[in-house]
Amino acid sequence: MFILIKNARILTLDDSCGEIQNGYIVIDNEFISKIGAGTPISGNYDKIIDAAGSLVMPGLSNTHTHLGMTLLRGYADDMILKDWLEKEIWPAEAELTAEDVYWGSLLGCLEMIRFGTTAFCDMYFFMDETAKAVEKSGIRGCLSYGMIELFDEERGNAEFIKGERLVREWQGKANGRITTMYGPHAPNTCSKEFIAKVKKAAERDGVGVHIHVLETEDELNTMKKNYGVCSVHHLDSVGFWDTRLPGSDKSSLPILAAHSVWMSEGDIKIFAEKGVTVSHNPISNMKLASGIAPIQKMIQAGVLVTLGTDGCASNNNLNMFEEMKTAALLQKLDTKDPTALPAKTVVEMATKNGAQVIDKKTGVLKPGNKADLILIDLKKANAIPIFDIYSHLVYSASGSDVKTMIVDGKILMEDYKILVLDEYEVMKNAHECAQNLVKRVKDKNKML
Ligand SMILES: CSC[C@H]1O[C@@H](n2cnc3c(O)ncnc32)[C@H](O)[C@@H]1O
Ligand SMILES: [Zn+2]
């Protein structure tokens, strides 16, 4: 497809270009071929989008979620992480089927398209199903099979094989929209020997690693009690955090550390030196009362920070606009400094920073980059007046202002109409799967 977007206000996120008040973008297949101010050049376009009254910007990247958990939205609220996982979520997940994860993932893709998220990082089970949902919905996904070893070598071997198979079968599929990572669940559910083995496999396969780290004070205390050090130092002792390939001085393998709430100054220094990327999940951290991540300090130390929603059972949606606003407000409140985490930094976290771990050719609108972008409706009461576009996006805009989405040069939603999925079918099937899942869990509980 050869697409022209004209009459657009454009936020490129490109340092050398910034904002264009009235401009155009030409998309040639999956790539942006031209961006400019003023009148568009003539051409044989298959499609012309008149973006008058809209802002065109890079799509949002959600760097930590569990799409299959979309079916568990509202299943168990108002609990701390340990009880939430052990008493409610893991027993429910034991009843999950591949079909559940397929429809849950597709529902998640639908919600992300509606709310302007063009790319996401996921860690879960039945990941072939999530991959199929990504293929079908047209969005971009960096997928990892979540390996829970539980310090049991046999279990670890079986989990490792599943993680490795996902990488081998799906890396680069769907015209490169699907990428993969290894996903050891967390340092308190997997041994450091297992995590070190996973890291070696990631180096061998040229993919990254996605892991939960220091999410709760309970994790910090358990690690200190069992190993005398926190999770970051524990894994540092096996060289886990180094993002450079052996023999190279350049950061090349993303290590994506989700949550990173209970970080000391020393941990932050390690992340900064080793090039670790943090996925900050403020809403999930607030809801599970896990704590407040020291994001301002991490950014000051040079850590690349991105944003994620976490799964729908701890958020309870996939709306990155809520995540952006919460991130900004929470750092200001925590540091008692209103200049902490300004709007522009938050938008960068949700776009160009996230793109660094998913696809480096996204996140910034410029020629040669992939055409992953969204149109935000500015003809809305909450968009008048706009003195600063970053302020609008973080403090006033909402996910439902997203009007049109293009990923990899393909239009997924136009003028609020989803073009790639039968929305009703997805919602109906996901709803039925959720009802049946809950019934199976209840029946099992009755038998116990
Ligand atoms: C191994 S696949 C993912 C695994 O993680 C669980 N999970 C979901 N949210 C969180 C969280 O915030 N911290 C730790 N683990 C989480 C999910 O239910 C799966 O079991
Ligand atoms: Zn998570």
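Order of listing sets the numbers, starting from 1, for every ligand and every atom in it.
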Open item on the list: Please determine whether the number of non-hydrogen atoms from other residues, nucleotides or ligands lying under 6.0 Å from atom CD of Glu425 exceeds 12.
Closed with: yes

Task: Check ion pair Glu217-Lys224 (N to O, under 4.0 angstrom) - done: no

TODO: Report, in ascending order of atom number, the atoms of ligand 1 lying under 4.0 Å from any heavy atom of Gly146.
DONE: 1 (C), 2 (S)

Open item on the list: Do the side chains of Glu203 and Lys199 get close enough for a salt bridge, i.e. N-O under 4.0 angstrom?
Closed with: yes

Task: Electrostatic pair Lys410-Asp408, nearest N-O below 4.0 angstrom - done: no

- [ ] Record the part of Asn281 in heavy-atom contact with ligand 1 below 4.0 Å; permitted values are side chain, backbone, both and neither.
- [x] neither

TODO: For atom 5 (O) of ligand 1, state which one of Met147, His185, Glu93 supplies the nearest heavy atom.
DONE: His185

Task: Aromatic plane relationship, Phe160 with Tyr182 - under 30° parallel, 30 to 60° tilted, over 60° perpendicular - done: parallel

Open item on the list: Checking a contact table here: which protein heavy atom is nearest atom 10 (C) of ligand 1, and how many Å away?
Closed with: His212 NE2, 3.8 Å

Open item on the list: Please tell me whether Tyr145 and Glu159 have a donor and an acceptor in their side chains that are separated by less than 3.5 angstrom.
Closed with: yes

Task: Ligand-residue contact atoms, ligand 1 with Glu215, heavy atoms, under 4.0 Å - done: 11 (C), 12 (O), 13 (N), 14 (C)

- [ ] Work out whether the distance between some heavy atom of Tyr145 and some atom of ligand 1 is less than 4.0 Å.
- [x] no

TODO: May I ask you to check whether Asp310 has an N/O atom sitting below 3.5 Å from an N/O atom of ligand 1?
DONE: yes

- [ ] Give the atoms of ligand 1, by number and element, whose distance to some non-hydrogen atom of Ile89 is under 4.0 Å.
- [x] 18 (O)

Task: Salt-bridge criterion met for Glu164 and Arg204 (N-O under 4.0 Å) - done: yes

- [ ] Taking only Lys NZ, Arg NE, NH1 and NH2, and the carboxylate oxygens of Asp or Glu, determine whether Lys274 and Asp242 approach each other closer than 4.0 Å.
- [x] no

TODO: Heavy-atom contacts with His259 under 4.0 Å: which atoms of ligand 1 show up? List them by number with element.
DONE: 12 (O)

Task: Neighbouring protein N, O or S atoms of the Zn ion (ligand 2) [cut-off: under 2.8 Å, no waters] - done: His64 NE2, His66 NE2, His212 NE2, Asp310 OD1

TODO: If you have a sec, work out which protein heavy atom is nearest atom 9 (N) of ligand 1 and how many Å separate them, to one decimal?
DONE: His66 NE2, 3.4 Å

- [ ] Taking only heavy atoms of Trp90 into account, list the atoms of ligand 1 that are under 4.0 Å away from them.
- [x] 20 (O)

Open item on the list: Under 4.0 Å between a side-chain nitrogen and a carboxylate oxygen: does that hold for Lys444 and Glu95?
Closed with: yes

Open item on the list: Could you check whether any side-chain N or O of Thr306 sits under 3.5 Å from a backbone N or O of Val278, counting only pairs where one atom can act as donor and the other as acceptor?
Closed with: yes

TODO: Could you list the atoms of ligand 1 found under 4.0 angstrom from a heavy atom of Ile148?
DONE: 1 (C)

- [ ] Could you tell me whether Lys297 atom NZ has more than 12 heavy atoms of other residues or ligands within 6.0 Å of it?
- [x] no

